[in-house]
Colleague: 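Just dropping this structure here.
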Amino acid sequence: QVQLVESGGGLVQPGGSLRLSCAASGFTLSSYTMSWYRQAPGKERELVASITAGGRTNYADSVKVRFTISRDNARNTAYLQMNSLKPEDTAVYCCKAWWYGVEYWGKGTLVTVSS
């Protein structure tokens with residue numbers, strides 16, 4: 001069974017950090033571009049960060065420097081390190097695996113940044 005399962009979300013104060021994980025099962029993610037998306041209340045879903053199989057990364061302007069996407073192919077897992085969190089980062093974060101027309105999505109994990 002093919003699955004992507006996110007974890008690591010929760011409640012954090014402004015300025016705090018979280019690390020999100022996206023664990024794949026049923027397939028090997030080493031050949032896939034991995035991406036993190038988020039959707040905040042009342043907003044469109046947006047691409048936060050991506051990393052190709054070759055390690056090329058891309059970030060939304062709003063999270064550059066603060067967030068880092070990475071992958072550990074041996075663990076079949078992608079990560080999103082989130083630092084200096086702001087209230088506007090509050091959203092449901094979902095991971096996606098993509099490879100030439102094949103897409104897998106996780107169900108998401110909620111990140112709430114609030115004092």
Side-chain angles (χ1 to χ4, degrees):
Q1 184 178 4
V2 172
Q3 286 191 88
L4 290 175
V5 180
E6 301 95 337
S7 62
L11 176 64
V12 64
Q13 293 185 333
S17 298
L18 287 173
R19 189 180 75 160
L20 305 184
S21 298
C22 176
S25 60
F27 75 104
T28 301
L29 58 66
S30 60
S31 296
Y32 289 74
T33 292
M34 302 299 299
S35 300
W36 287 95
Y37 290 78
R38 70 184 181 187
Q39 187 166 23
K43 294 186 177 180
E44 299 287 335
R45 184 169 63 190
E46 65 172 336
L47 176 63
V48 177
S50 63
I51 182 168
T52 68
R56 180 178 62 82
T57 59
N58 186 52
Y59 298 92
D61 288 342
S62 59
V63 307
K64 285 181 179 177
V65 179
R66 298 189 299 119
F67 290 11
T68 302
I69 188 170
S70 63
R71 62 195 302 152
D72 187 339
N73 291 335
R75 294 181 175 178
N76 223 31
T77 302
Y79 303 94
L80 185 68
Q81 179 66 46
M82 309 166 67
N83 299 326
S84 302
L85 284 162
K86 305 174 180 179
E88 50 263 46
D89 295 319
T90 296
V92 174
Y93 286 73
C94 296
C95 68
K96 182 185 78 174
W98 177 90
W99 183 78
Y100 291 98
V102 178
E103 277 191 1
Y104 303 123
W105 286 85
K107 294 181 179 179
T109 185
L110 177 63
V111 172
T112 302
V113 184
S114 177
S115 59

Colleague: Hey, what do you get for OG1 (Thr77) to CG (Asp72), rounding to the nearest 0.5 Å?
Modeller: 6.5 Å
Colleague: Please report the shortest heavy-atom distance between Ser115 and Pro14, naming the atom on each side.
Modeller: N-CD, 3.7 Å
Colleague: Among all residues two or more places apart in sequence or in another chain, which pass the side-chain contact (heavy atoms from CB on, under 4.5 Å) test with Leu85?
Modeller: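 Result, side-chain contact (heavy atoms from CB on, under 4.5 Å) vs Leu85: Val12, Leu18, Phe67, Met82, Asp89, Val113.
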Colleague: With sequence neighbours excluded, tell me which residues meet side-chain contact (heavy atoms from CB on, under 4.5 Å) with Ala49.
Modeller: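 Per chain and number, Ala49 pairs via side-chain contact (heavy atoms from CB on, under 4.5 Å) with Tyr59, Ile69, Leu80.
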Colleague: Taking side-chain contact (heavy atoms from CB on, under 4.5 Å) as the test, write out the residues that go with Ala53, two or more places apart.
Modeller: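 Listed in chain order: nothing, the list is empty.
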Colleague: Keeping to residues at least two apart or across chains, list the disulfide bond (SG atoms under 2.5 Å apart) pairs with something in residues 45-86.
Modeller: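 The answer is none; no pair qualifies.
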Colleague: Same cluster for Val2 and Tyr32 if Ile/Leu/Val/Met/Phe/Trp/Tyr side chains link at under 4.5 Å?
Modeller: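 Yes, because Val2 and Tyr32 connect within a single hydrophobic cluster, where side-chain heavy atoms sit under 4.5 Å apart.
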Colleague: With sequence neighbours left out, write down each residue that passes side-chain contact (heavy atoms from CB on, under 4.5 Å) with Ser114, or none if nothing qualifies.
Modeller: Leu11, Thr112
Colleague: Would you mind listing the cluster partners of Tyr37? Hydrophobic ones only (ILVMFWY), side-chain contacts under 4.5 Å, chaining allowed.
Modeller: Leu47, Trp105
Colleague: Applying side chain to side chain donor-acceptor pair (under 3.5 Å), which residue pairs with at least one partner in residues 42-53 are found, sequence neighbours left out?
Modeller: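 Every pair satisfying side chain to side chain donor-acceptor pair (under 3.5 Å) with a residue in residues 42-53: Arg38-Glu46.
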Colleague: Measuring from atom CD of Glu103 to atom OG1 of Thr33, what distance do you get when rounded to the nearest 0.5 angstrom?
Modeller: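 Answer rounded to 0.5 Å: 10.5 Å.
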Colleague: Using links of under 4.5 Å between side-chain heavy atoms of ILVMFWY residues, direct or through other members, which residues join Val65 in one cluster?
Modeller: none
Colleague: Under a single-linkage definition using a 4.5 Å side-chain heavy-atom cutoff for Ile, Leu, Val, Met, Phe, Trp and Tyr, are Met34 and Tyr104 assigned to the same hydrophobic cluster?
Modeller: yes
Colleague: Could you list all the disulfide bond (SG atoms under 2.5 Å apart) pairs where at least one residue sits in residues 62-91, not counting sequence neighbours?
Modeller: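 Residue pairs passing disulfide bond (SG atoms under 2.5 Å apart), neighbours aside: none found.
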Colleague: Listed by chain and number, what are the salt bridge (Lys or Arg N to Asp or Glu O under 4.0 Å) partners of Lys86, not counting sequence neighbours?
Modeller: none
Colleague: Taking only residues at least two apart or on different chains, which pairs with a member in residues 4-29 satisfy side chain to side chain donor-acceptor pair (under 3.5 Å)?
Modeller: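 Output for this query lists Ser17-Asn83.
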Colleague: If you look at every heavy atom in Arg66 and Ser84, which pair is closest and at what distance?
Modeller: NH1-O, 3.1 Å
Colleague: Enumerate the disulfide bond (SG atoms under 2.5 Å apart) contacts for residues 13-93, please, sequence neighbours excluded, ordered by first and then second residue.
Modeller: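 Residue pairs passing disulfide bond (SG atoms under 2.5 Å apart), neighbours aside: Cys22-Cys95.
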Colleague: Determine whether Phe27 and Leu4 satisfy the following criterion, side chain to side chain contact (heavy atoms under 4.5 Å, CB included), listing intermediate values before the conclusion.
Modeller: CA-CA 10 Å; Phe27 75 104; Leu4 290 175; 3.8 Å; yes
Colleague: Does Val5 share a hydrophobic cluster with Tyr93, counting links as ILVMFWY side-chain heavy atoms below 4.5 Å and allowing steps through other members?
Modeller: no
